[in-house]
Amino acid sequence: MPELPEVEVTRRSLLPFLVGRPVARVKTTRPSYVFVTPPDRIRKALQGRTVQDIDRLGKYLLLRLDDGNSFVIHLGMTGQLFSAMATSPRLLSATARSSLPPEEQLRFKPDPHTHMVFSFDDEGPDVYFRDVRKFGKLFLLAQDEVHPRLERLGLDALEVTGEHLFASSRKRKTPIKALLLDQAVVAGVGNIYADEALFLSGVRPGRRAARITRAESKRLSDAIRQVLQRSIETGGSSISDYVAPDGQDGAYQDERHVYARKGEPCKRCGAAIVRRVVAQRSAHYCPQCQK
DNA sequence: TCTGTCTCCTGAGAGC
DNA sequence: TGCTCTCAGGAGACAG
């Protein structure tokens, strides 16, 4: 699932496929859950425009257009942005792959889950937005517009400080993990990296946020930045559907300490990793290393 | 204001 | 083998 590292890797990888290429045509599927802005308005707004740059705010990608407006993309859980040149088994579901001959299982062809296709004036490849579960979000942002989805975002997770976490957690009865997942507090952290950062800082996910000490807040903020930076370096986590725009898998999943390792031995102490539900989310931790 | 619950969606995997 | 059910998760809406 795309969190800050996967979105940042997508942003960097997408630059050569989008920036500076005049958009000739945009195809979309019918209005659905992914289109915050109606798809016909998106098509009109993008056709003929050129993406000048791509920014990131938390887990949102902002395509800066040459007319001053922006097109905003959130990948949700299963969103994929990739070039038509990309080849990866992750671009099709296992069910879809099983119905195809081996030679056609890697090369992607637009399917019903492909909600947008960008075509360009040059001879270069199209760019696809695909999202099986439709938890992604697509919307236009006018120049100088302040969108409530972006306005509420807290400090970017790569810049989070111990003091910010400590101040944000005072008087909060919610578990510390729920606080980390609150995008209004830290923008960019999701389930995987919250678990990993809590492990590295030695804090259990179910601890009440207000009970976290200043020293623990510092360790936690350091751990958040550390796991996110490391994941970006390794291309993100390809645990389920995530694939970079060039078709490459990330490698951070091989470095996980706790996430989705229920019952496996802790890499530090050997104790079995525990899974429990915290704030309606699965949380994984080491009962020995995390207090 | 804070917290918990529900909702959206669909593929994967478990269980029968 | 095939069917049914449960689970996973980001984030907004809503109720208490």
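Protein chains get the first letters and strands the later ones, always in sequence-line order, with residue 1 at the start of each. Quick caveat: nothing in here was measured; it's all calculated off a predicted structure.
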### Whether His74(A) side chain and Val72(A) backbone form a donor-acceptor pair below 3.5 Å
no

### Task
May I ask you to decide if Val277(A)'s main-chain N or O and Arg281(A)'s side chain share a donor-acceptor pair within less than 3.5 Å?
no

### Query
Is a side-chain donor-acceptor pair under 3.5 Å present for Asp195(A) with His284(A)?
yes

## Note on the structure
Comparing Pro175(A) with Lys134(A), nearest DNA chain B nucleotide closer to 5' gives the residue Pro175(A)

### Query
Quick one: Lys173(A) NZ to dT3(B) P, roughly how many Å, whole number?
8 Å

### Rounded interatomic separation in angstrom, taking NE2 from His115(A) and C1' from dC8(B)
13 Å

#### Entry: Those residues that, when tested against Asp144(A), pass side chain to side chain contact (heavy atoms under 4.5 Å, CB included) (two or more places apart)
none

### Query
Taking only side-chain nitrogens and oxygens of His113(A), does any of them come within less than 4.0 Å of OP1 or OP2 of dG11(B)?
yes

### Message
Can you classify the ring geometry of Phe35(A) versus His115(A) as parallel (below 30°), tilted (30 to 60°) or perpendicular (above 60°)?
### Response
perpendicular

### Query
If we fit an axis to the first five pairs and another to the last five of the helix from dC2(B)-dG16(C) to dC16(B)-dG2(C), what angle do they make, to the nearest 10°?
50°

### Query
Can the positive tip of Arg21(A) be found less than 6.0 Å from the middle of the six-membered ring of Phe120(A), inside 45° of the ring normal?
yes

### Minimal non-hydrogen separation, Gln80(A) against Leu75(A), with atom names
N-CD2, 4.3 Å

### Query
What is the per-nucleotide protein-contact pattern of nucleotides 9-16 of chain C, from the 5' end, where B denotes a base atom under 4.0 Å from a protein heavy atom, S denotes such proximity for sugar-phosphate atoms only, and - denotes neither?
BBBS----

### Message
Take a 6.0 Å sphere around NZ of Lys27(A) and say whether it holds more than 12 heavy atoms from other residues, nucleotides or ligands.
### Response
no

